[in-house]
Novice: 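Sending over a structure as structure tokens; questions will come in a sec.
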Amino acid sequence: MFRLETEVDKERRTLLSGRLHEDNIAAAAGLRALLSTSAEHEVPLEVWALDEHGALAGGLSGRTWAYWLHVDLLWVDAPHRGSGLGARLLAEAERTARTERACTRSRLETWDFQAPGFYRKQGYEEIGRVADYPPGVTEFILVKDL
């Protein structure tokens, strides 16, 4: 018999993650091949744009893992939108991922009201979409060869 609980439990989450990781490594040759390489561990990658006063004008936060760049967040302050700053932030993250971390591809998610057109202009291709995530919004999944 099992008892199900819905509480947040950091210790159990760590245990769960470790056990899933072990099972995944045992089941997938591609994951085993990553062991002891520079791409084995997820590493944060961040690029910041600061204005002449040192204030945040834009930024990108992501991570690299398994020879992929994953862009989690990209934002440009309203007065600087349309200036090419977003493209510069993305290009710098891609360059760093490619030249310093041996990444060969990039992926990201964006909503229909955010920037799918912007990412397409930067060479990203749509590989999937999720309707109503959240309700009334479509999420796009995009990738790019670096």
Side-chain angles (χ1 to χ4, degrees), residues 1-50 54-81 85-146:
M1 177 125 145
F2 298 99
R3 181 181 78 237
L4 300 180
E5 297 178 359
T6 58
E7 66 188 49
V8 174
D9 187 320
K10 236 179 173 177
E11 197 172 300
R12 286 181 187 158
R13 184 173 51 246
T14 300
L15 179 62
L16 178 71
S17 176
R19 288 185 179 174
L20 179 60
H21 179 73
E22 290 170 8
D23 284 352
N24 289 346
I25 294 295
L31 290 175
R32 284 193 304 279
L34 289 174
L35 297 176
S36 301
T37 70
S38 61
E40 176 183 9
H41 300 287
E42 194 172 275
V43 179
L45 193 158
E46 296 177 343
V47 182
W48 306 107
L50 306 176
L56 183 64
L60 180 149
S61 179
R63 52 204 150 88
T64 57
W65 176 72
Y67 305 108
W68 280 77
L69 166 63
H70 189 122
V71 177
D72 293 312
L73 306 169
L74 174 59
W75 173 83
V76 174
D77 197 12
H80 305 292
R81 292 180 191 154
L85 182 56
R88 288 180 57 199
L89 290 163
L90 186 58
E92 180 61 16
E94 293 170 350
R95 183 201 64 75
T96 300
R98 186 180 61 255
T99 63
E100 298 177 19
R101 302 188 188 182
C103 290
T104 57
R105 301 190 78 197
S106 178
R107 65 166 284 165
L108 56 88
E109 298 86 28
T110 189
W111 286 322
D112 56 4
F113 65 88
Q114 288 179 322
F118 164 80
Y119 290 114
R120 287 185 185 106
K121 287 179 187 175
Q122 310 312 311
Y124 283 77
E125 296 179 21
E126 179 184 333
I127 61 161
R129 61 175 66 187
V130 182
D132 285 328
Y133 183 72
V137 176
T138 298
E139 179 183 64
F140 293 88
I141 304 159
L142 302 137
V143 297
K144 177 181 178 178
D145 288 333
L146 299 179

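Counting begins at 1 with the first residue of the sequence. Quantities reported herein were computed from a predicted structural model and do not represent experimental measurements.
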Novice: As an exercise, state the distance from CG of L69 to CG of D72, rounded to the nearest 0.5 Å.
Specialist: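 If I round to the nearest 0.5 Å, the distance is 9.0 Å.
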Novice: Test R120 against K144 for side-chain contact (heavy atoms from CB on, under 4.5 Å), laying out the working first.
Specialist: CA-CA 9 Å; R120 287 185 185 106; K144 177 181 178 178; over 6 Å; no
Novice: Would K10 and V8 count as a side-chain contact (heavy atoms from CB on, under 4.5 Å) here? Give the steps.
Specialist: CA-CA 7 Å; K10 236 179 173 177; V8 174; over 6 Å; no
Novice: Atom CG in D112, atom CD in E139: separation rounded to 0.5 Å?
Specialist: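 D112 CG to E139 CD: 10.0 Å, rounded to 0.5 Å.
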Novice: What is the minimum heavy-atom distance between L34 and A39, and which atoms define it?
Specialist: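 That would be CD2-CB, 4.0 Å.
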Novice: To check you understand the geometry: which heavy-atom pair defines the closest contact between Y67 and A102, and what is its length?
Specialist: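 Closest approach of Y67 to A102, heavy atoms only: CD2-O, 3.3 Å.
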Novice: Any heavy-atom pair between the side chains of L89 and W75 that's under 4.5 Å?
Specialist: no
Novice: Taking all heavy atoms of P116 and all of W111, pick out the closest pair and write down the distance.
Specialist: CD-O, 3.3 Å
Novice: Flag the pair Y124 / L90 as yes when at least one side-chain heavy-atom distance between them is below 4.5 Å, and no otherwise.
Specialist: yes
Novice: If you measure from OG1 on T64 to CZ on R98, what distance do you get to the nearest 0.5 Å?
Specialist: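 So the OG1 of T64 and the CZ of R98 are separated by 13.5 Å.
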Novice: Can you tell me how far apart CD (E40) and CG (L35) are? Round to the nearest 0.5 Å.
Specialist: 5.0 Å
Novice: Provide the closest heavy-atom pair for V71 versus S106 in the form atom of the first, atom of the second, distance.
Specialist: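 So the minimum-distance heavy-atom pair works out to CG2-OG, 4.1 Å.
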Novice: Are any side-chain N or O atoms of R101 and backbone N or O atoms of T96, one a donor and one an acceptor, separated by less than 3.5 Å?
Specialist: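 Absent.
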Novice: Rounded to the nearest 0.5 Å, what's the gap from CD on Q114 to OG1 on T138? Could you check?
Specialist: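 Reported to 0.5 Å precision, the distance equals 12.0 Å.
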Novice: Looking at every heavy atom in both A97 and L146, which two are closest together, and how far apart are they?
Specialist: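 In terms of heavy atoms, the two residues are closest at CB-CD1, 4.3 Å.
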Novice: I'd like to know whether NE2 of H80 has more than 12 heavy-atom contacts from other residues, nucleotides or ligands below 6.0 angstrom.
Specialist: yes
Novice: Is it the case that over 12 heavy atoms from other parts of the model lie below 6.0 angstrom from the CD atom of E125?
Specialist: no
Novice: Hey, mind stepping through L50 and L56 against side-chain contact (heavy atoms from CB on, under 4.5 Å) and telling me if it holds?
Specialist: CA-CA 5 Å; L50 306 176; L56 183 64; 4.2 Å; yes
Novice: Please report the C-alpha distance between L45 and R63 in whole Å, then the side-chain angles of each, then the deciding distance to 0.1 Å, and finally whether the side-chain contact (heavy atoms from CB on, under 4.5 Å) criterion is met.
Specialist: CA-CA 5 Å; L45 193 158; R63 52 204 150 88; 5.9 Å; no
Novice: Within a reach of under 6.0 Å around CH2 of W65, are more than 12 heavy atoms found that belong to other residues, nucleotides or ligands?
Specialist: no
Novice: Is the side chain of E92 donor-acceptor paired with the backbone N or O of R88 at a distance under 3.5 Å, no angle test?
Specialist: no
Novice: Under a 4.0 Å threshold between the charged nitrogen and the carboxylate oxygen, would E22 count as salt-bridged to R19?
Specialist: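 Salt bridge: no.
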Novice: Measure the OH-CD distance between Y119 and E109 for me, rounded to the nearest 0.5 Å.
Specialist: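 Taking OH in Y119 and CD in E109, the distance rounds to 10.0 Å.
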Novice: Using atom types as modelled and distance alone, determine if a side-chain donor or acceptor of R32 lies under 3.5 Å from a backbone N or O of I25.
Specialist: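 At least one qualifying donor-acceptor pair exists.
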Novice: Do other residues, nucleotides or ligands put more than 12 heavy atoms under 6.0 Å from E11 CD?
Specialist: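 No, because the 6.0 Å sphere around CD of E11 holds 12 heavy atoms or fewer from other groups.
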Novice: Please report the shortest heavy-atom distance between L85 and A49, naming the atom on each side.
Specialist: CD1-CB, 3.7 Å
